[in-house]
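The block underneath contains the structure these notes are about, expressed in structure tokens.
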Amino acid sequence: QVQLLESGGGLVQPGGSLRLSCAVSGSFFSAYAMSWHRQAPGKQRELVAHITSVGSTNYAEFVKGRFTISRNNAKVTVYPQMNNLQPEDTAIYYCRHENGFWGQGTQVTVSS
């Protein structure tokens with residue numbers, strides 16, 4: 001059974017930064033793509049960033065230049081580094097395994 005555990009969320013002021021983590025167990029981590037998604041209240045879940053097994057990345061337009069997704073295969077963990085956070089980035093952030101497994105989510109709130 002693949003399990004994903006996100007951490008690192010919290011409250012941050014506009015313009016601030018956070019780094020989330022998603023630790024994966026039960027999977028040959030390095031062989032699979034991973035992605036981060038978010039869901040704001042009253043909105044659909046949306047893709048934020050994607051990283052392939054070999055480290056190629058793609059980003060949603062609304063985070064390009066601000067977010068960076070990376071992975072550490074030795075630590076079986078995937079990260080988004082989120083910079084210049086804005087109130088509209090407030091959401092629950094989820095990581096997703098290529099085979100469709102989801103983490104439980106971590107809340108990010110951007111507010112002064």
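The chain is numbered in sequence order, starting from 1.
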Check: Would Arg45 count as a cation-pi partner of Tyr94, with NZ or CZ less than 6.0 Å from the six-membered ring centre and within 45° of the ring normal?
Finding: yes
Notebook entry, point to check: So is Arg38 actually on top of Tyr93's ring, under 6.0 Å and inside 45° of the axis?
Noted result: no
Note to self: With a 6.0 Å cut-off (strictly less than), is the heavy-atom count around CD of Gln44, excluding the residue itself, greater than 12?
What the structure shows: no
Sequence neighbours excluded and cut-off under 3.5 Å, please list the side-chain donor-acceptor pairs for residues 5-14, or say none.
{"unit_1": "Glu6", "atom_1": "OE1", "unit_2": "Gln104", "atom_2": "N", "d": "2.9"}
{"unit_1": "Glu6", "atom_1": "OE1", "unit_2": "Gln104", "atom_2": "NE2", "d": "3.4"}
{"unit_1": "Glu6", "atom_1": "OE1", "unit_2": "Gly105", "atom_2": "N", "d": "2.9"}
{"unit_1": "Glu6", "atom_1": "OE2", "unit_2": "Cys95", "atom_2": "N", "d": "2.8"}
{"unit_1": "Glu6", "atom_1": "OE2", "unit_2": "Gly105", "atom_2": "N", "d": "3.3"}

Minimum heavy-atom distance between [X] and [Y], given as atom pair plus value:
| X | Y | answer |
| --- | --- | --- |
| Gln86 | Gly15 | NE2-N, 3.9 Å |
| Val2 | Val24 | CG1-CG1, 4.1 Å |
| Glu98 | Ala33 | OE1-N, 2.7 Å |
| Leu47 | Ser35 | CD1-CB, 3.9 Å |
| Thr90 | Val110 | OG1-N, 2.9 Å |
| Thr77 | Lys75 | OG1-O, 2.7 Å |

Rounded to the nearest 0.5 Å, what separation is found between the [atom1] atom of [X] and the [atom2] atom of [Y]?
| X | Y | atom1 | atom2 | result |
| --- | --- | --- | --- | --- |
| Thr68 | Gln81 | OG1 | CD | 7.0 Å |
| Leu20 | Gln107 | CG | CD | 11.0 Å |
| Cys22 | Met34 | SG | CE | 4.5 Å |
| Asn73 | Ser53 | CG | OG | 8.5 Å |
| Ser56 | Ile69 | OG | CD1 | 11.5 Å |

Item checked: hydrophobic_cluster_shared for Val76 and Tyr79, side chain cutoff 4.5 Å -> no
Notebook entry, point to check: Out of curiosity, does Phe67 fall in the hydrophobic cluster containing Ile92 (side-chain heavy atoms, cut-off under 4.5 Å, transitive links)?
Noted result: no
Item checked: Check against side-chain contact (heavy atoms from CB on, under 4.5 Å), Val108 and Asp89 -> CA-CA 8 Å; Val108 171; Asp89 295 315; 5.6 Å; no
Item checked: Qualifying ring pair (Phe, Tyr, Trp, His ring centres under 6.0 Å) pairs, either residue in residues 19-49, two or more places apart -> Tyr32-His97, His37-Trp102
Note to self: Do Asn83 and Ser17 pair up side chain to side chain, a donor and an acceptor below 3.5 Å, judged on atom types alone?
What the structure shows: yes
Next item on the list: Taking the side chain as every heavy atom from C-beta outward, state whether His50 and Thr57 have any atom pair closer than 4.5 Å.
Entry: no
Check: Taking it one step at a time, do Glu88 and Phe62 satisfy side-chain contact (heavy atoms from CB on, under 4.5 Å)?
Finding: CA-CA 10 Å; Glu88 53 266 33; Phe62 51 79; over 6 Å; no
Margin query: Going by the rule ring pair (Phe, Tyr, Trp, His ring centres under 6.0 Å), which residues pair with Tyr59 if we only count those two or more places apart in sequence or in a different chain?
Written below: none
Notebook entry, point to check: Under the 3.5 angstrom rule, does the side chain of Arg66 hit a backbone N or O of Asn84 as a donor-acceptor pair?
Noted result: yes
